[in-house]
Amino acid sequence: MARHLITSALPYINGIKHLGNMVGSMLPADVYSRYLRQRGHDVLYICATDEHGTPAELAAKEQGLAVDAFCAQAHDAQKAVYDGFALAFDYFGRSSSAENRDITQHFARKLNENGFIEERAIRQVYSPADGRFLPDRYVEGTCPHCGYDKARGDQCENCTRVLDPTDLINPRSAISGSTELEVRETKHLFLLQSKLQHEVEAWVSRHEEDWPQLASSIARKWLTEGLHDRAITRDLDWGVPVPADTWPELAAEGKVFYVWFDAPIEYIGATKEWADQDPQNRDWKSWWYDVDTEVRYTEFMAKDNVPFHTVMFPATELGVREPWKKVDYVKAFNWLTYYGGKFSTSQKRGVFTDQALEILPADYWRYFLIANAPESDDSSFTWEHFTATVNKDLADTLGNFVNRVLSFSRKRFGDDVPEGGTPGEAETRLGEEIATLLAEYESHMETLQFRKAAAALRALWSAGNSYLEEKAPWLEIKTDKDAAALTLRTAMNLIHLYAVVSEPFIPATAKVMREAFSLEDDTAAWVTPDEAKALASVPAGTPFTVPPVLFAKLTDEDLEAYKERFGGTEG
């Protein structure tokens, strides 16, 4: 089978992420990875915390911690949440790792050897009180456009206008608060993207027709506007240091690589971190180096990350002049909004992933988010929509079907799958319908159409309810016990099928459904459409148990409590 390399956008280190971050990268990557593994593919799903840059230093300062200690704690906190969401990373690394440092420095040296890095003098804000140059985000002041008094030198979070530090009114150092700032000359390294423009255009042209329109249109927009040379170093205490063997003067000044340069390289770095845990059995280069047709590489990200991964990082890889694997398919997402407004980490607007897990188990969130993924356009989270989806799809369509089939069968036939009856026309029609819907589900999963895949999965669950209503075993039992046994046995086979094919979406619930049946040799990784027609994986006489309620229905009181806690008005 094919080898699949999968990465999702690296979550930034400064705080727990909200539901929009989850559905924009990590969760769909996990769903796809799980599906591919079930289909027998060799899959490596890599992610990591993005730990360098000004926000990490500022967040550490606010908590009174050294930045390395802050990042270590924040990494563990984020990983705990992702474990709670059952994200099955093969490895979840850290961009501050030694592996990423070494590979980033290797890339920089090679780019320099090939003539794609240039040292340039620029003018930058300097704080005598702090004794250092200040990166844009280390300069705070009043926004000249909206008057927000905590705007930073790169952007105003209040009105979102892009700024230069010199635009700010009453600028001050974010470190010391000093207003005695100067503008001095300093040197930085620039990646000469302009020299790589035509190569990047040619590379994008070979791939963009296969990408979703969102990804290809963003890449094309950046290329049309032209690639500009960009500074790839900053004056920070925390980051991948500029190698002294190549740039001794800048290294002596403490320059580090800018986060946008080293973060994408961490996909490779994290793979090496994974391999270094078991070097006898893992080869990181077999996933990244000189494997263009051997590995299919799929990236998942929200639209704000698309330029970095479709233009900037490919430019870096091309300039290195080594055969590093480049992305084959970019699955880009629009925004998930909260009642029409933006989720905001800084403004604490919306539901954050740790809070979500405090309220309900992960499968509630996993299903809702993927079923409403912002693929073709933005989608809005509202508590009303969430409650309705949980109640209709999860509690009624799936959960109620499982509970009433198993409870009724145990009540009338005992703790074993009932014997009796011969499949007839209704079962034949059901098998054909299930096979068709399963093939549709597979097709959407193969093409990474998650909302359509969720609709097909929901249709599979609904088919079981329709069959049960048609056959009505609660009436059959009164006149034909064998007929009722056949209906319930067929429905139990549907439950087992649902357990197998629903696992990418709702893994914990799928496990409970599957374990309801005491099958001696239940090793099926997947059910093909042809296998599904027979509906015979759970034979008569198999012991079973009735699991607890799979999904609790949410009440009006629940809805009001959620809205009161998190807000529920238009943004």
Separation of Glu442 CD from Met445 CE (nearest 0.5 Å): 10.0 Å
Quick one: CG on Leu550 to CG on Leu394, what's the gap to the nearest 0.5 Å? 9.5 Å
Taking every non-hydrogen atom, the tightest pair across Arg282 and Ala275: CB-CA, 3.7 Å
Hey, are Thr49 and Glu51 close enough side-chain-wise for a donor-acceptor pair under 3.5 Å? yes
Using side-chain heavy atoms (C-beta onward) and a distance below 4.5 Å, is Trp474 in contact with Arg412? no
Quick one: does any side-chain atom of Asp50 pair with a main-chain N or O of Leu10 as donor and acceptor, under 3.5 Å? no
Which label fits Tyr441 and Tyr35: parallel for a plane angle under 30°, tilted from 30 to 60°, or perpendicular past 60°? perpendicular
Kindly write out the residues that satisfy ring pair (Phe, Tyr, Trp, His ring centres under 6.0 Å) with Trp203, not counting sequence neighbours, or none if the list is empty. His207, Trp211
Asp90/Arg37 ion pair, N-O < 4.0 Å: yes
Would you check, one step at a time, whether the test side-chain contact (heavy atoms from CB on, under 4.5 Å) holds for Leu44 with Trp274? CA-CA 10 Å; Leu44 185 66; Trp274 164 79; 3.7 Å; yes
How far apart are the closest heavy atoms of Met22 and Tyr82, and which atoms are they? CE-CD2, 3.9 Å
Determine the minimum heavy-atom distance between Met513 and Val402, stating which atoms define it. SD-CG2, 3.8 Å
Would you confirm whether Arg410, through its side chain, and Phe544, through its main-chain N or O, come within 3.5 Å as a donor-acceptor pair? no
Residue pairs involving residues 385-407 (criterion ring pair (Phe, Tyr, Trp, His ring centres under 6.0 Å); sequence neighbours excluded): Trp365-Phe386, Phe368-His385, Phe368-Phe386, Phe381-Phe386, Trp383-Phe386, Phe401-Tyr498
Test side chain to side chain donor-acceptor pair (under 3.5 Å) on Ser379 and Asn372; report intermediate values, then the result. CA-CA 7 Å; Ser379 60; Asn372 297 280; over 6 Å; no
Please check this pair: side chain of Ser407 against backbone of Arg404, looking for a donor-acceptor N/O pair closer than 3.5 Å. no
Can you see which heavy atom on Ala532 is nearest to which on Leu438, and at what distance? CB-CD2, 4.0 Å
Approximate separation, where rounding is to 0.5 Å, of Phe85 CZ and Asp30 CG: 11.0 Å
Lys/Arg N to Asp/Glu carboxylate O, Lys452 vs Glu375, below 4.0 Å: no
Taking it one step at a time, do Lys553 and Asp396 satisfy salt bridge (Lys or Arg N to Asp or Glu O under 4.0 Å)? CA-CA 8 Å; Lys553 293 196 73 167; Asp396 288 344; 3.4 Å; yes
Would you call Phe343 and Asn21 a side-chain contact if the rule is heavy atoms closer than 4.5 Å? no
Shortest non-hydrogen pair, Asp363 vs Ala508, comes out as OD2-N, 3.3 Å
Assess the residue pair Asp522 and Phe517 against the criterion (side-chain contact (heavy atoms from CB on, under 4.5 Å)); give the C-alpha distance rounded to whole Å, side-chain angles, the decisive distance to 0.1 Å, and a yes or no. CA-CA 9 Å; Asp522 187 11; Phe517 302 101; over 6 Å; no
Taking the side chain as every heavy atom from C-beta outward, state whether Pro504 and Tyr32 have any atom pair closer than 4.5 Å. no
Ile46 side chain reached by Ile6 side chain, heavy atoms, under 4.5 Å: no
Minimal non-hydrogen separation, Pro418 against Ser409, with atom names: CD-OG, 3.5 Å
Is Lys17 reaching over with its side chain to a backbone N or O of Pro11, donor-acceptor style, under 3.5 angstrom? no
Is a donor on one side and an acceptor on the other found under 3.5 Å between the side chain of Tyr338 and the backbone of Gly20? no
Checking the side chain of Ser380 only, and the main-chain atoms of Gly340 only, is there a donor and an acceptor separated by less than 3.5 Å? yes
With side chains defined as the heavy atoms from C-beta onward, is the minimum distance between Phe89 and Met26 less than 4.5 Å? yes
Could Lys331 and Phe333 be counted as a cation-pi pair, given that NZ or CZ must be under 6.0 Å from the ring centre and within 45° of the axis? yes
Which value, rounded to the nearest 0.5 Å, describes the distance between Thr7 atom OG1 and Tyr45 atom OH? 8.5 Å
State plainly whether the residues Lys511 and Glu515 are in salt-bridge range, i.e. N to O under 4.0 Å. yes
The reported gap from CZ in Arg451 to CD1 in Ile370 (rounded to nearest 0.5 angstrom) is 11.0 Å
Do side-chain atoms of Asp276 reach the backbone of Glu273 as a donor and acceptor pair under 3.5 angstrom? no
Value rounded to 0.5 Å, distance of CG in Asp377 from CG in Asn334: 6.5 Å
Would you check if there is a donor-acceptor pair between the side chains of Trp284 and Glu99 at a distance under 3.5 Å? no
Starting from the C-alpha separation in whole Å, work towards a yes-or-no answer on ring-ring contact (aromatic ring centres under 6.0 Å, His included) for Trp461 and Tyr367. CA-CA 13 Å; Trp461 299 342; Tyr367 176 79; 5.5 Å; yes
Under a 4.0 Å N-O cut-off, is there an ion pair linking Lys563 with Glu384? yes
Check for a donor-acceptor pair, side chain of His41 on one end and backbone N or O of Val43 on the other, with a separation under 3.5 Å. no
Which pairs count as side chain to side chain donor-acceptor pair (under 3.5 Å) when at least one residue sits in residues 414-427, sequence neighbours excluded? Glu427-Tyr467, Glu427-Lys471
Verify whether one side chain among Gln78 and Tyr12 offers a donor that lies under 3.5 Å from an acceptor in the other. no
Evaluate the side-chain contact (heavy atoms from CB on, under 4.5 Å) criterion for residues Asn493 and His496: first the C-alpha distance (whole Å), next the side-chain angles of each, then the deciding distance (0.1 Å), finally the verdict. CA-CA 5 Å; Asn493 274 280; His496 186 267; 5.5 Å; no
Test Trp324 against every option in Trp287, Tyr289, Trp288 by the ring pair (Phe, Tyr, Trp, His ring centres under 6.0 Å) rule and name the one that passes. Tyr289
Distance only, no hydrogens: is a donor on one side chain within 3.5 Å (strictly under) of an acceptor on the other, for Asn465 and Ser462? no
Is it true that a side-chain atom of Ser502 and a backbone atom of Ala499 form a donor plus acceptor pair closer than 3.5 Å? no
Let's go through Arg296 and Arg3 carefully: what are the C-alpha distance in whole Å and the side-chain angles of both, what is the deciding distance for side-chain contact (heavy atoms from CB on, under 4.5 Å) to 0.1 Å, and is it a yes or a no? CA-CA 6 Å; Arg296 179 168 174 80; Arg3 301 175 70 217; over 6 Å; no
